[in-house]
Amino acid sequence: QVQLVESGGGLVQAGGSLRLSCAASGRTFSVYAMAWFRQAPGKEREFVAALKWNGLTKYYSDSVKDRFTISKDNAKNAVYLQMNSLKPEDAAVYYCAADRSDRVRTTANDYDFWGQGTQVTVSS
C-alpha cells in the first residue's frame, strides 16, 4: 500500500501562486507515475498534471499548461505542484495520486492510490 498526504492548499487572490506538496510513504517502490487531479463542486475529477517517477516525462492538461509545474524529489518521496497565475477556475480540491501501471495516465480511475485532498480557493 501507498499512503499520500497533500499539503499547501489555501486561499489566494487571482494571479497569485501556491505550491502544493504530496508526501508518499509505504510501498513507494511500486509506484510508476504520480499525478495531480482536481475536483470542483458539481464536476468530475479532472486531470491536472502527472510525471513518471523514475524518469523525466511530464504531462499537463491544456488548462494549466504554462502556468503549473509538476516536480519531484525522489529522495524525499515527494511530488510538488507549483501553481502560478491562478484563476478562479482553478479553485478545487486538489488530490495527489499514484499509479502502478507502465505508463503515465490521465484518467482518475487508472490511479491506485489517493491522498485526502487539499483545498485551493482563488478569489477574483
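The chain is numbered in sequence order, starting from 1. Only this structure's heavy atoms are used, side chains among them; waters, hydrogens and symmetry mates stay out.
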Taking side chain as C-beta onward, heavy atoms only, is [X] less than 4.5 Å from [Y]?
| X | Y | answer |
| --- | --- | --- |
| W36 | V79 | yes |
| Y60 | F47 | no |
| L20 | V120 | yes |
| Q3 | F113 | no |
| V48 | F68 | yes |

Identify the heavy atoms of [X] and [Y] that sit nearest to each other, and give their distance.
| X | Y | value |
| --- | --- | --- |
| P88 | A14 | CD-CB, 4.2 Å |
| A91 | V122 | CB-N, 3.9 Å |
| G117 | E6 | N-OE1, 2.8 Å |

Q) Hey, any chance W53 and W114 share a hydrophobic cluster, counting ILVMFWY side chains that come within less than 4.5 Å of each other, even indirectly? A)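 No, no single cluster joins them.
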Q: Before giving the answer on side chain to side chain contact (heavy atoms under 4.5 Å, CB included), spell out for K76 and N74 the whole-Å C-alpha distance, their side-chain angles and the decisive distance to 0.1 Å.
A: CA-CA 5 Å; K76 296 181 180 295; N74 295 79; over 6 Å; no
Whether the side chain of [X] engages the backbone of [Y] through a donor-acceptor N/O pair (distance < 3.5 Å, no angle test) should be reported.
| X | Y | value |
| --- | --- | --- |
| Q13 | S123 | no |
| K58 | I70 | yes |
| T118 | G9 | yes |
| S101 | R103 | yes |
| D110 | D99 | no |
| S30 | R27 | yes |

Measure the [atom1]-[atom2] distance between [X] and [Y] for me, rounded to the nearest 0.5 Å.
| X | Y | atom1 | atom2 | answer |
| --- | --- | --- | --- | --- |
| R100 | F29 | CZ | CZ | 10.0 Å |
| S71 | L51 | OG | CG | 8.0 Å |
| L81 | M34 | CG | CE | 12.0 Å |
| N109 | R105 | CG | CZ | 11.0 Å |
| T28 | Q1 | OG1 | CD | 12.5 Å |

Q: List the steps, then state whether side chain to side chain contact (heavy atoms under 4.5 Å, CB included) holds for F37 with Y111.
A: CA-CA 10 Å; F37 288 80; Y111 281 78; 3.7 Å; yes
Q: Output, in order, the C-alpha distance, side-chain angles, deciding distance and verdict of side chain to side chain contact (heavy atoms under 4.5 Å, CB included) for L86 and L18.
A: CA-CA 8 Å; L86 282 162; L18 282 174; 4.2 Å; yes
**Q.** CD (Q116) with more than 12 external heavy atoms under 6.0 Å
**A.**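 Atom CD in Q116 is crowded, with more than 12 foreign heavy atoms closer than 6.0 Å.
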Q: Output every pair passing side chain to side chain donor-acceptor pair (under 3.5 Å) with a member in residues 77-96, not counting sequence neighbours, ordered by first then second residue.
A: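 As it turns out, the side chain to side chain donor-acceptor pair (under 3.5 Å) pairs with a partner in residues 77-96, which skip direct neighbours, are S17-N84, R38-D90, R38-Y94, R67-D90, Q82-N84.
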**Q.** Working for side chain to side chain contact (heavy atoms under 4.5 Å, CB included), residues V64 and M83
**A.** CA-CA 8 Å; V64 307; M83 305 185 294; over 6 Å; no
